[in-house]
Each structure stands twice: as C-alpha cells, then as structure tokens.
There are 2 protein chains.
Amino acid sequence: MANDSAPRRSAARTAERRRRADAERSIAAILDAALDAVSERGDVNMSELARAAGVGRVTLYTHFPGKEDLLDAVMTRAIEDANAVLAEAEPPGGLPARDALAQVIRRAWPVLDRYRRLHTAAARVLGAERMRAHHDAPMRLVAGLIDRGREEGGIRADLPRDWLITVVYSTLHAAALEVDAGRLTPAEAPEILVATLLPALSPT
Amino acid sequence: MANDSAPRRSAARTAERRRRADAERSIAAILDAALDAVSERGDVNMSELARAAGVGRVTLYTHFPGKEDLLDAVMTRAIEDANAVLAEAEPPGGLPARDALAQVIRRAWPVLDRYRRLHTAAARVLGAERMRAHHDAPMRLVAGLIDRGREEGGIRADLPRDWLITVVYSTLHAAALEVDAGRLTPAEAPEILVATLLPALSPT
DNA sequence: CTTAACTCGAACACTGATGTTCGCGTTAAG
DNA sequence: CTTAACGCGAACATCAGTGTTCGAGTTAAG
C-alpha cells in the first residue's frame, strides 16, 4: 500500500507514447521470447532473439536500441513481477518480523527460481551496479523487515544491517544456482533456505 | 615418480618440456600481468594484456593458445596459492572441527580478498562448471571439516552436506564482492564471516 | 661458437556480432 | 478510405577481438 501516485515515471513502458496495437504486440512478443531464450540458453544474440520472437531483426532494433536496453527491460519486468509477489507475501498482521521474513523467503522462492537464468545473463550485460539498482525495491522490503526485527529483538544487531541483507540476497541466489546445476531440487530449496538463514540472522 | 616417457599430453605447467630461461620468464611475466590487469580492470583482451606484460602479442599466443587457457592458468596458480595457505591453516591438534573451520575462514580471507576480481573475470570466461573444478581442492578441505564436525556434533546434520559447503563458499564470495563495492572493509570481513557462518552451520 | 629456442612487429584472414539504411508491403486508427 | 505507423527482408557498414603467418633479429644453452 501507501503507493504514491506518481503519474509519470522514468523509462517505464507504461504510457510512453501512443503506440499502435501491433507495435505493442511486437514488444510483448520480444520481451517474452527474450526471457524464454535467456532462460534456456545462457546468452543470446540479437539475431536469434529476433527469430525466436517471430519478429524481424529491424523491428527488434526499432523497439530496443541495443541489447542492454532489452535486457534492462526484461529485468524491469521480472522485478515488477517479483515485487508484486513479495508485496502480498508480507503478512499484514502483527506477525514478528522474523517470521514474516521466513514467509517472504518461502513465497519469494518460486519467483526467484523462475528468473534464475535471467539473473545470470543480465548480470553479465548490465553489470553488478545496474543489477543492484534493479533489486532496489525488493531489497528495501527485506531491509524493512530486518530493521523491524532488530527492534523486536528477533534479529541480530551485532552485524551491519547491509551485510545481513547481502547474506539473504546471496544465499537466495546461491540456492538458485544450485538448482540450476542440479544439486538441489526446487521443491526442497525454500525450507533449506529458511533453515539456513534464520540461524544466521538470529541474535547469538 | 615414475614419469612416463610421454612428452605429449597438454595441460600441466609443472615439468612439460625443457624450456629456455627466457621463455620461463615470459610466461611468469604474462601470468603476473594477467592477474594484475584482471584485478583492476574487470575484463582484458589479449592485446593490452601482452602490452601490460611487456611481451609481444605473438609471444603471448605461443605460450597460451587462447584467452581461456590463460585465465585457466592464472586460476590454477591462484588456487595453488590458496591451497598452500589453507593447508597450513588447519591446525593439527585435536581442535574441534567447528573451531578449525572458523580458523580456516579467518586465514582464507586474505587470499580470497586478493583474488576477488580474478574470480569474477575468470567465471565469465571459464563458466561455472570449470570454476567449480578449480575450487575442488579447497572445497574438499572444507568438506572434510564439515564431515568431521557433523560426527562431533558441532555442525548441523539436518541439511545436505553439499549445501553447507555452498553456503560457506557463496558467503565468502559475497563478502569479497561487498568489499569490492566498498560496502565492507577487508579488515572487518573475517570476523563478520565467522559470526555469520558459525550460527548457520550449527545444530539447531 | 654454433645451434636451436625464443621474441616480436607488421600484416593478414576471419569471425561473430552490432547497428543502419532503403524500399516496399501490411495493418491499425481515425 | 486515407494516412501514418509499423513490419521486415536484404544489403551494407563497422568493429572489436581473435588467431595466424612471415621473416628477421636476439638470446640462452651446450
């Protein structure tokens, strides 16, 4: 909640310019295909990407000036998706932050699992900093819970707050990589994560 | 050491072929320069690499067929270095595995910090699997401690052994990235790591 | 001192990928 | 129906990086 009514935001594809319906369709197809392609191959070039999207190479370039822009758009979309899930995952009631965090981890996992390949591919092209910027919103959500947890006493206060966030983030992604490598199943991941992270975040 | 009279076989830079002293020197210079270059820029191409090493491009190629081979060699060297430190870090006495692990983490940190950029760059070129192969030896050392710790009861047995190894590995590297991004100082890192990992590895 | 190993600059060949332009056909919007 | 927007193939223009070849000079090793 508490969503500020920001009428025009930056590089969103919400309401940029009157686009014709077929253009809108193309863009959607490209975004979808890009996610798919990236999710099964690691890296993709623009040519095969256009083919996968059922779209001409020229069309691809008219909508996205370069690969960066495209990957950025795909990431934006993915993060929006993740945000939606995360936002509704946080229980409203007076649940202790510590437990809420566990819930968030459990709920976040499927989304993370879905985009695990994208994360790797996008990181290669966009670089660590840009990647961090993308994760800003979900990070803040976790940060909020951690802060609250520290006040409540359910989460340790002896380590830097940013470090705890990093631990959550990196462990989550480590799990995604393990699944990708076949050393972990998507089903067992969430509980393992909770069982690993809670002790790491608890007061000594 | 029954060394077969087989002068072929690729790989190893141990005792391949009688190399002239200047060749040996070139190779060393290349390896050094490559590590340096990779440690301050993220990525490097062969041309500027040769220049940095004070060596002709041709010479570079005669010693290393391609960039992969070069990065692979640099990694091999780094891991050997790390192994040496790790091996002597493990205290001989009957120290509980749990405490030994803490020691290993503390001792390993400086090495890890030294090679943090290399890790990123090499991963890009070599891929995750090849990277894992390189880390095989140090991983085994950690694995050994974890196994022993489980028997002793100082380390949790409710999660897959491989997962615990991954947690150690990924948290270590997460810390390296944080240092690289300036969000953590190399000095405070080791204690933070121990404080984070021990609770994560302890029985509930 | 003789030989073989090594160095190295310059030039070339090649590849894979990125962007761009042109022109024409197609399609949505009013 | 008219028009502007869009799609798209083909061809072109780069471009960066890789790897190779040649030929001559230099240096270590025995």
Side-chain angles (χ1 to χ4, degrees), chain A residues 13-34 37-38 40-74 120-127 130, chain B residues 7-8 10-11 13-34 37-38 40-74 120-127 130:
Chain A
R13 47 210 61 278
T14 32
E16 282 219 314
R17 196 164 269 277
R18 285 231 266 116
R19 254 198 292 257
R20 246 174 51 176
D22 49 357
E24 215 86 53
R25 226 178 300 136
S26 288
I27 292 179
I30 291 171
L31 255 24
D32 286 344
V38 145
E40 51 188 40
R41 266 151 289 180
D43 194 27
V44 209
N45 59 31
M46 297 301 249
S47 309
E48 44 187 345
L49 194 46
R51 204 153 14 81
V55 154
R57 219 164 63 89
V58 184
T59 305
L60 176 53
Y61 275 106
T62 59
H63 292 308
F64 301 94
K67 197 197 281 188
E68 284 196 23
D69 308 76
L70 177 51
L71 264 292
D72 207 86
V74 177
T120 312
R124 221 198 285 288
V125 177
L126 267 34
R130 190 90 145 280
Chain B
R8 10 82 159 108
S10 55
R13 49 208 56 280
T14 33
E16 278 220 318
R17 196 166 267 278
R18 287 234 263 116
R19 257 198 291 258
R20 243 173 55 178
D22 51 355
E24 215 86 54
R25 223 179 300 136
S26 288
I27 292 179
I30 291 171
L31 254 23
D32 286 345
V38 143
E40 50 188 39
R41 265 150 288 181
D43 195 26
V44 209
N45 58 31
M46 296 301 248
S47 309
E48 43 187 346
L49 193 46
R51 205 154 14 81
V55 153
R57 220 164 61 88
V58 185
T59 306
L60 177 52
Y61 275 107
T62 60
H63 291 306
F64 301 94
K67 197 197 282 188
E68 283 196 23
D69 308 74
L70 177 52
L71 264 292
D72 207 87
V74 177
T120 314
R124 221 197 286 287
V125 176
L126 267 33
R130 190 88 145 279

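Worth saying up front: this structure is predicted, and the values here are computed from it rather than measured. Keep in mind that the numbers below use all heavy atoms, side chains included, and drop hydrogens, waters and symmetry copies.
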Distance in angstrom units between [X] [atom1] and [N] [atom2], rounded:
| X | N | atom1 | atom2 | answer |
| --- | --- | --- | --- | --- |
| A:E24 | C:dA29 | CD | P | 10 Å |
| B:L70 | D:dT18 | CG | C1' | 14 Å |
| B:L60 | C:dA10 | CG | C1' | 17 Å |
| A:F64 | D:dC6 | CZ | C1' | 15 Å |
| A:R51 | C:dT18 | CZ | P | 13 Å |
| A:L49 | C:dG16 | CG | P | 18 Å |
| B:I27 | C:dC8 | CD1 | P | 13 Å |
| B:N45 | D:dG17 | CG | P | 5 Å |

As a test of reading the structure: which of [options] is closest to the side chain of [X], going by heavy atoms?
| X | options | value |
| --- | --- | --- |
| B:V58 | D:dT18, C:dG9, C:dC6 | C:dG9 |
| B:D22 | C:dC8, D:dG19, D:dT27 | D:dT27 |
| B:A21 | D:dC8, D:dA28, D:dA11 | D:dA28 |

Could you walk me through whether A:L70 and A:L31 pass the side chain to side chain contact (heavy atoms under 4.5 Å, CB included) check?
CA-CA 8 Å; A:L70 177 51; A:L31 255 24; 3.8 Å; yes
Does B:A23 or A:R25 map to a spot on DNA chain C nearer the 5' end, using the closest nucleotide for each?
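The answer here is B:A23.
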Could you check A:Y61 against B:T59 and say which one's nearest nucleotide on DNA chain C is further toward the 5' end?
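Of the two residues, B:T59 wins.
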Name of the residue among A:L49, A:V125, A:L126 meeting side chain to side chain contact (heavy atoms under 4.5 Å, CB included) with A:K67
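By the side chain to side chain contact (heavy atoms under 4.5 Å, CB included) criterion, A:K67 pairs with just one of A:L49, A:V125, A:L126: A:V125.
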Check the phosphate of [N] against [X], side-chain N and O only, distance under 4.0 Å to OP1 or OP2. Yes or no?
| X | N | value |
| --- | --- | --- |
| B:R57 | C:dT7 | no |
| B:K67 | D:dT18 | yes |
| A:H63 | D:dG7 | yes |
| B:S26 | C:dT7 | yes |

Is there a donor-acceptor contact under 3.5 Å from the side chain of A:D69 to the main chain of A:G66?
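It does hold such a pair.
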Without swapping roles, check the side chain of A:N45 against the backbone of A:E48 for a donor-acceptor pair under 3.5 Å.
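Indeed, once roles are kept as given, a pair shorter than 3.5 Å links the two residues.
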How do B:R20 and B:E48 order along DNA chain D: which one's closest nucleotide is nearer the 5' end?
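Counting from the 5' end, the first nearest nucleotide belongs to B:E48.
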Side chains of B:F64 and B:V74 in contact at under 4.5 Å (non-hydrogen atoms)
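A side-chain contact under 4.5 Å is absent here.
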